[in-house]
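Below is one structure, written out as structure tokens, with a few remarks after it.
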Amino acid sequence: MTKYGSFPGARPRRLRTTPAMRRMVAEHRLHPADLILPAFVREGISEPVPISAMPGVVQHTRDTLRKAAVEAVEAGVGGIMLFGVPEDAKKDAAGTVGTDPDGILQVAIRDVRAEVGDDLVIMSDLCLDEYTDHGHCGVLDAEGRVDNDATLERYAEMAQVQADAGVHVVGPSGMMDGQVGVIRDALDQTGHEDVSILAYTVKYSSAFFGPFREAVGSSLQGDRKTYQQDPANLRESLRELALDLEEGADMVMVKPALPYLDVLAKIADEVDVPVAAYQISGEYAMVEAAAEKGWIDRDKAILETLTGIKRAGANMILTYWATEAARGL
């Protein structure tokens, strides 16, 4: 090789030389509108209640939830996903408060809709687990098993009251077979054809849900392995995807995000509808805990995880950092 030889002829480092160069050739970009803020609103409190396993996240009062929604709009966040936390005394085996028009989630939907109107896409968790005294996502049969078809009837009722409250998108998260189709029919039959369904198409039975149980005041004993998916499986997710699309899903979701980026990428390659990923409580808690210990750079880690989810194919990301990250972007 001579002094001016051709090796190496290809020098990818040329495109990494300066921040401006790296920014110009970046293949994926986060935008505030990509982000969706999950938010918890708790009945019967006068001040926000910190969630110990999720530093910086709280159970909101109705007033602080409205404020959080306004802040999200101002930051350019795309949407907000609402979870209701009722008083323990109101929980029962059928999750009745979940279909009460004056239940905490329906009240919160009306509050946020009145506050921000259509400036933020208002989404609601459509599931019974927050409202049942046994903590499962459906009603139980005589042997204590989750009764799929009886639960679908409850989901249809939930869809109607949430739509009546003014939600833009319902997010059925219970992983019952046929839930998307039943909810679509219930919405259409009650004049809510414009309400969209964000299908929890891929929802694994994950250890990373731990902090969320505190956030919603879960009464669950045991696990949800008979209806949430096995972390070992991928083909199962593609089957769920085909069923949800056939039943009328407008958007689909993968949850959790980071442990299942391969699944997210596969789903994104298969569909022509928007794809969401949920960066769940345990993912959030790990970064916050490591940063608190001084082991990682918090801000850089947040951006890196969100970029990784975007790169894997997510059009939308549910993340507890939504407003903070949007401001940074």
Would you check, one step at a time, whether the test side-chain contact (heavy atoms from CB on, under 4.5 Å) holds for Q279 with L258? CA-CA 7 Å; Q279 186 179 52; L258 290 176; 4.3 Å; yes
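- Here the straight-line distance linking atom CG of L105 with atom CZ of F40 works out to 12.0 Å at 0.5 Å rounding.
- Using a cut-off of 4.0 Å between Lys/Arg side-chain N and Asp/Glu carboxylate O, R113 and D119 are scored as not salt-bridged.
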For the pair V49 and R42, evaluate side-chain contact (heavy atoms from CB on, under 4.5 Å) and give the outcome as yes or no after the intermediate values. CA-CA 9 Å; V49 177; R42 178 172 169 180; 3.8 Å; yes
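- For P231 against S205, the heavy-atom pair with the smallest separation is CG-O, 3.5 Å.
- Contact check on R239 versus E236 returns no salt bridge, with no Lys/Arg side-chain nitrogen under 4.0 Å from an Asp/Glu carboxylate oxygen.
- From L35, atom CG reaches atom OG1 of T323 across 8.5 Å, with rounding to the nearest 0.5 Å.
- The existence of a salt bridge linking E240 and R235 is excluded, since no basic side-chain nitrogen approaches an acidic carboxylate oxygen closer than 4.0 Å.
- When the shell of 6.0 Å around CZ of R29 is examined, it contains more than 12 heavy atoms from other residues, nucleotides or ligands.
- Around CD of E193, the count of heavy atoms belonging to other residues, nucleotides or ligands within 6.0 Å exceeds 12.
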Side-chain donor-acceptor contacts of residues 67-77 below 3.5 Å, not counting sequence neighbours, with atom names and distances?
none

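- Side-chain contact of T305 with E283: a donor-acceptor pair under 3.5 Å is absent, judged by distance alone.
- In terms of heavy-atom proximity, A325 sits nearest to L306 at CB-CD1, 3.8 Å.
- Side-chain contact check for Y284 versus T319: every heavy-atom pair is 4.5 Å or farther apart.
- Expressed to the nearest 0.5 Å, how far CD1 of I317 lies from CD1 of I36 amounts to 9.0 Å.
- Residues G138 and T151 come closest through the heavy atom pair CA-OG1, 3.3 Å.
- Taking 4.5 Å as the limit, every side-chain heavy atom of L15 sits out of range of all side-chain heavy atoms of M24.
- With M176 as the fixed residue, the side-chain contact (heavy atoms from CB on, under 4.5 Å) test singles out one of V182, L152, I183: L152.
- Ion pair D129/K91 not flagged as a salt bridge, since none of the NZ, NE, NH1 or NH2 atoms sits closer than 4.0 Å to an Asp/Glu carboxylate oxygen.
- Separating the CE atom in M123 from the CD1 atom in I197 is a distance of 12.5 Å, to the nearest 0.5 Å.
- Atom CZ of R311 sits in a sparse spot, with 12 or fewer heavy atoms from other residues, nucleotides or ligands closer than 6.0 Å.
- Smallest separation of non-hydrogen atoms from D102 and V107: O-CG2, 3.5 Å.
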Would you please test V139 and V146 for side-chain contact (heavy atoms from CB on, under 4.5 Å) and show each step? CA-CA 6 Å; V139 295; V146 176; over 6 Å; no
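- Of the possible donor and acceptor atoms, none in the side chain of Y131 sits under 3.5 Å from a partner among the backbone N and O of A93.
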Please determine whether side-chain contact (heavy atoms from CB on, under 4.5 Å) holds for the pair H134 and L140, giving the CA-CA distance in whole Å, both sets of side-chain angles, and the decisive distance to 0.1 Å. CA-CA 9 Å; H134 48 73; L140 306 182; 3.7 Å; yes
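- No chain of hydrophobic side-chain contacts below 4.5 Å, direct or via other Ile, Leu, Val, Met, Phe, Trp or Tyr residues, connects V58 to L65.
- Counting heavy atoms from C-beta on, the side chains of N315 and D34 never come closer than 4.5 Å.
- Note on V170: it clusters hydrophobically with V116, by side-chain heavy-atom contacts below 4.5 Å among ILVMFWY residues.
- For the atom pair T190 OG1 and D164 CG, the distance stands at 6.5 Å (nearest 0.5 Å).
- Checked by atom type and distance alone, the side chain of S124 never pairs as donor or acceptor with a backbone atom of L126 at under 3.5 Å.
- Using a distance-only test at 3.5 Å, with no hydrogens or angles considered, no donor-acceptor pair links the side chain of H60 to the main chain of R62.
- Considering all non-hydrogen atoms of both residues, V180 and G248 come closest at CG1-C, 4.0 Å.
- A ring-ring contact (aromatic ring centres under 6.0 Å, His included) check over residues 146-166, counting only residues at least two apart or in different chains, returns nothing.
- At least one donor-acceptor pair under 3.5 Å links the side chain of Q179 to the backbone N or O of P172.
- Environment of CD in E304: sparse, with no more than 12 heavy atoms of neighbouring residues, nucleotides or ligands closer than 6.0 Å.
- With hydrogens and angles disregarded, a donor-acceptor distance shorter than 3.5 Å links the side chain of R22 to the backbone of R16.
- Between T201 and the choices L238, V263, D244, L243, the side-chain contact (heavy atoms from CB on, under 4.5 Å) rule is met once, by D244.
- In terms of modelled atom types and a separation under 3.5 Å, the side chain of K203 and the main chain of S173 share a donor-acceptor contact.
- For D230 (side chain) and N233 (main-chain N/O), no donor-acceptor pair under 3.5 Å exists by modelled atom type.
- Under the 4.5 Å side-chain heavy-atom criterion for Ile, Leu, Val, Met, Phe, Trp and Tyr, M316 and V271 are members of the same hydrophobic cluster.
- A 4.5 Å side-chain heavy-atom check between D250 and R184 finds at least one atom pair inside the cut-off.
- The minimum heavy-atom distance linking L264 with A276 is given by the pair CD1-O, 4.4 Å.
- Counting heavy atoms from C-beta on, the side chains of Q106 and P101 never come closer than 4.5 Å.
- To the nearest 0.5 angstrom, R154 atom CZ is 12.5 Å from D147 atom CG.
- Side-chain contact between I51 and Q59: present, with at least one pair of heavy atoms (C-beta onward) separated by less than 4.5 Å.
- One N or O on the side chain of E247 and one on the backbone of G181 form a donor-acceptor pair closer than 3.5 Å.
- Taking the side chain as every heavy atom from C-beta outward, V252 and L241 approach each other to under 4.5 Å.
- When only modelled atom types and interatomic distance are considered, H168 and D118 share a side-chain donor-acceptor pair under 3.5 Å.
- Under the 3.5 Å distance criterion, with hydrogens and angles disregarded, a donor-acceptor pair is assigned to the side chains of Q229 and S237.
- Looking at heavy atoms from C-beta onward, P48 lies in side-chain contact with T61 at the 4.5 angstrom threshold.
- Contacts classified as side-chain hydrogen bond (donor to acceptor under 3.5 Å, both in side chains) and involving residues 252-278 (residues at least two apart or in different chains) are given here: Y278-Y320.
- Two different hydrophobic clusters hold F83 and I45 under the rule that ILVMFWY side chains link at heavy-atom gaps under 4.5 Å.
- Note on V169 and V161: separate hydrophobic clusters, where clusters join Ile, Leu, Val, Met, Phe, Trp and Tyr whose side-chain heavy atoms are under 4.5 Å apart, directly or indirectly.
- Under the 4.0 Å criterion applied to side-chain N and carboxylate O atoms, E288 and R298 are assigned as salt-bridge partners.
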